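Scroll down for the structure; my scribbles are underneath it.
Throughout, protein chains are lettered first and strands after them, A, B, ... in sequence-line order, and every chain is numbered starting at 1. Small disclaimer: the values here were computed from a predicted structure and weren't measured.
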There are 2 protein chains.
Amino acid sequence: MIRILLADDEHLIRGAMAALLSLEDDLEVVAQAATGKEALATARIVRPDVAVIDLQMPDLDGVAVAQSLATELPTCGTMIVTSHGRPGHLKRALAAGVRGFLPKTVSSDVLATVVRTVHTGGRYVDPALAAEAISAGDSPLTPREADVLELALEGAPIDEIARRASLSPGTVRNYLSSAVGKTGASNRHEAARFARAKGWI
Amino acid sequence: MIRILLADDEHLIRGAMAALLSLEDDLEVVAQAATGKEALATARIVRPDVAVIDLQMPDLDGVAVAQSLATELPTCGTMIVTSHGRPGHLKRALAAGVRGFLPKTVSSDVLATVVRTVHTGGRYVDPALAAEAISAGDSPLTPREADVLELALEGAPIDEIARRASLSPGTVRNYLSSAVGKTGASNRHEAARFARAKGWI
DNA sequence: AAAACCCCATGACAGATGTCATGGTCGTCA
DNA sequence: TGACGACCATGACATCTGTCATGGGGTTTT
């Protein structure tokens, strides 16, 4: 019997997935959590075999949870399901020791199969997401450029970005200009959206 | 027995919700669809009692589906479930004749209850979403302002917006300036994000 | 009919932004 | 050690954007 921890902030979906996994004879949902922190706390207690974690959760990111789990419970396989999978997430997730990465568009059969695969130490990444990640390529942005571009995402004016990044406005403009060049965009807002789509920020 | 049509592009979630609804004695999922068009086509054939529709789907918006259903199958109650509920959607949905509006964070009990409520002709709107919608208020944007602001969402420069809207760049700037004033933002990008958050565009 | 509003446009101005050149510090790697 | 690149900053310039004033044409309301 594979003991599963299920974490997803959407109650309905979490419950539904639990119902669905429980239909399998060899799977058992032993715990559920609605937030990242809750997931970690619960995992420490129940020590599940496999953790199925939603990528976007209120407090702690799914990848962050995976990272903590990898060190605290090395025997627990971690897999991530997500609605909007961006390339960067996949890369970060794999780096965090995640062994399964699925969009929520897959069928329940696949989900169950992957749970078993992960439990036996295997890996599974959704082919479509993998292809996307490969085509997205590595980020050409330097860490600072990425930082600044991320602050630009919300549309803030440069002075505010400079304040938030503790940089001079001129420096911010240089980084943004460089980022705009690298992304082929025509202004920082487009560049920020592009980088977000690629999963670079 | 209440006959339900389930539409959601995320296979896993759709299947899971179906499994969950089927646990109820008086509910029966008679059809499923992954896109808006598919939902409409299927609905015409199976003529369900209640349609449970996801808001965001590839081709046709959940609200658009509801609108068509309202005229084609007036006996069929329509309810919408959504992950990211923005105020504007709720308003549009209600105008389209939707009688139930829920975030996916609700429990399965609530979902089943609301299905029954909608089936008997009642209405149910999630309290949190209703409060948000009320606090968001009506859009102060004129139709044209909303159009232009929507084109500005992607970060395009003004010239491109002007081309796409078939307007002179000067006019675009006027509309945007007006929108920026109304939203209290400091530039069009911030204004666009704000309006999006409020559900105005 | 006048008022009020939306639509579209132009011109002018100030301030924000993108680009480029330049230069210094620091760490890494050959 | 020297080359390289990331990091931070400044100044100058051209362009883009936001704002305001102005005006004509249209519809709806009063």
B:H189 NE2 to D:dC16 P, straight-line distance once rounded to whole Å: 13 Å
Polar side-chain contact B:D159-D:dT17 base: donor and acceptor under 3.5 Å: no
Check: A:E145 side chain, A:T142 main-chain N or O, donor-acceptor pair, under 3.5 Å: yes
A:R123, CZ atom: more than 12 neighbouring heavy atoms under 6.0 Å: no
Protein-nucleotide distance (B:R173, atom CZ; D:dT19, atom P), rounded to Å: 11 Å
Value in whole Å for how far the P atom of C:dC6 lies from CG of B:D147: 14 Å
Protein-nucleotide distance (A:K182, atom NZ; D:dG5, atom P), rounded to Å: 11 Å
Among D:dA9, C:dT17, C:dC7, the one nearest A:L167 by side-chain distance: D:dA9
Atom-to-atom span, CZ of A:R144 to C1' of D:dG5 - whole angstrom: 15 Å
Value in whole Å for how far the P atom of D:dT17 lies from CD1 of B:I158: 5 Å
Gap between atoms CZ and P, on A:R163 and C:dA16 respectively (whole Å): 13 Å
B:F194 and B:W200 aromatic ring geometry - parallel, tilted or perpendicular at 30°/60° bounds: perpendicular
Nearest-0.5 Å distance, CG of residue A:D126 to NZ of residue A:K104: 14.0 Å
Under-4.0 Å side-chain N/O to phosphate OP1/OP2 contact, B:S177 with D:dT19: yes
Sugar-phosphate, base or nothing in reach of A:N174, heavy atoms under 4.0 Å: base
N or O in side chain of B:T171 less than 4.0 angstrom from C:dC8 OP1/OP2: no
Worked verdict on A:E72 versus A:R44 for salt bridge (charged side-chain N to carboxylate O under 4.0 Å, His left out): CA-CA 8 Å; A:E72 292 188 35; A:R44 287 191 196 100; 2.6 Å; yes
Side-chain N,O (B:T142) to OP1/OP2 (C:dC7) below 4.0 Å: yes
Distance in angstrom units between B:Y175 OH and D:dT17 C1', rounded: 18 Å
B:P140 or B:S168, whichever maps to the more 5' nucleotide of DNA chain C: B:P140
Given C:dG18, C:dC8, D:dG18, the nucleotide with the shortest approach to the side chain of B:R188: D:dG18
